[in-house]
Amino acid sequence: LQFVESGGGLVQPGGSLRLSCAASGFTLTHTHYAIGWFRQTPGNEREGVSCITTDDTTYYADSVKGRFTISRDNAKNMVYLQMNTLQPEDTAVYYCATTAAQAVCITNPVPGWFENWGQGTRVTVSS
């Protein structure tokens, strides 16, 4: 089971990016996994950004509420993170991962509850 993240890059403040997370080795429709997006900057712990359960209930960290939108396309085996109004503090490597703990996903997605991490995609917000 593996995820492959893509869609990162360099964007100016106020810009947008859509990150993609492709599932490999399993089918989203045939699992009970919730999917989370995390980000990490050098010297800091990985933090939960957003999460989506099997019934499409979502969670957003306060720092991204109103700017980021998570979605899943089970037919394509993909999970997306639409990021709008990006700010320099959004600069990080972004990862996706799975959890069977749906309640953790929508209350407090912490990395220790997640597995099947991808390699990450780098987002840089800078003018």
Side-chain angles (χ1 to χ4, degrees):
L1 307 183
Q2 187 178 359
F3 281 119
V4 178
E5 301 94 339
S6 61
L10 173 64
V11 63
Q12 292 186 342
S16 299
L17 283 174
R18 188 177 82 155
L19 304 184
S20 298
C21 179
S24 175
F26 64 103
T27 304
L28 292 179
T29 53
H30 295 162
T31 73
H32 55 283
Y33 288 137
I35 312 297
W37 279 100
F38 295 78
R39 65 187 181 188
Q40 188 170 25
T41 54
N44 292 310
E45 294 185 356
R46 201 165 291 187
E47 65 168 339
V49 174
S50 183
C51 198
I52 187 167
T53 66
T54 52
D55 65 356
D56 290 340
T57 302
T58 57
Y59 163 92
Y60 296 97
D62 287 343
S63 58
V64 306
K65 277 181 183 176
R67 301 188 298 122
F68 290 12
T69 303
I70 190 171
S71 61
R72 60 195 291 167
D73 186 336
N74 289 338
K76 295 183 178 180
N77 232 25
M78 299 286 290
V79 178
Y80 303 101
L81 186 68
Q82 177 67 42
M83 307 188 298
N84 298 328
T85 320
L86 283 161
Q87 301 300 320
E89 52 266 33
D90 296 316
T91 295
V93 178
Y94 285 73
Y95 303 86
C96 54
T98 64
T99 183
Q102 308 285 328
V104 169
C105 172
I106 61 173
T107 57
N108 184 23
V110 293
W113 284 88
F114 286 75
E115 57 186 353
N116 301 317
W117 294 88
Q119 84 290 346
T121 185
R122 184 175 301 276
V123 172
T124 303
V125 185
S126 175
S127 54

Handout entry: By salt bridge (Lys or Arg N to Asp or Glu O under 4.0 Å) - contacts of Asp62 (at least two apart)
Key = Lys65

Completion exercise
Taking every heavy atom of Trp117 against every heavy atom of Pro111, the minimum-distance pair comes out as CZ2-O, 3.7 Å

Handout entry: Any side-chain heavy-atom pair of Thr91 and Thr41 under 4.5 Å
Key = no

Practice task
Identify the two heavy atoms, one from Phe3 and one from Thr98, that lie closest to each other, and give their separation to 0.1 Å.
Solution key: CE1-CG2, 3.0 Å

Completion exercise
CG (Asp55) and CD (Gln102) are apart, to the nearest 0.5 Å, by 7.0 Å

Tell me which donor-acceptor pairs under 3.5 Å the side chains of residues 10-26 have, and how far apart each pair is, sequence neighbours excluded?
residue : atom : partner : partner atom : Å
Ser16   : OG   : Asn84   : OD1          : 2.9

Problem - Close side-chain approach of Gln119 and Glu5, heavy atoms under 4.5 Å - result: yes

Problem - Cluster link Trp37 to Leu86, ILVMFWY, side chain under 4.5 Å - result: yes

Problem - Listed once per pair and sorted, the ring-ring contact (aromatic ring centres under 6.0 Å, His included) pairs that draw on residues 50-81, sequence neighbours left out - result: none

Problem - Where at least one partner belongs to residues 32-47, residue pairs that pass salt bridge (Lys or Arg N to Asp or Glu O under 4.0 Å), sequence neighbours excluded - result: Arg39-Glu47, Arg39-Asp90

Problem - For the student: nearest non-hydrogen atoms of Cys51 and Phe114, plus distance - result: SG-CZ, 3.9 Å

Practice task
Verify the cluster assignment for Ile70 and Ile35: are they in a single hydrophobic cluster under the rule of side-chain heavy atoms below 4.5 Å apart?
Solution key: yes

Fill in the blank from the handout: All heavy atoms of Arg72 vs all of Ile52, minimum pair found to be NH1-O, 3.6 Å

Practice task
Only counting residues at least two apart or in another chain, list the ones meeting ring-ring contact (aromatic ring centres under 6.0 Å, His included) with Tyr95.
Solution key: none

Exercise for the section: Please name all residues satisfying ring-ring contact (aromatic ring centres under 6.0 Å, His included) with Trp113, sequence neighbours left out, ordered by chain then number. Expected result: none

Problem - Contact check, side chains of Ser50 and Leu81, non-hydrogen atoms, under 4.5 Å - result: yes

Practice task
Quick one: do Cys96 and Val79 satisfy side chain to side chain contact (heavy atoms under 4.5 Å, CB included)? Show the steps, please.
Solution key: CA-CA 9 Å; Cys96 54; Val79 178; over 6 Å; no

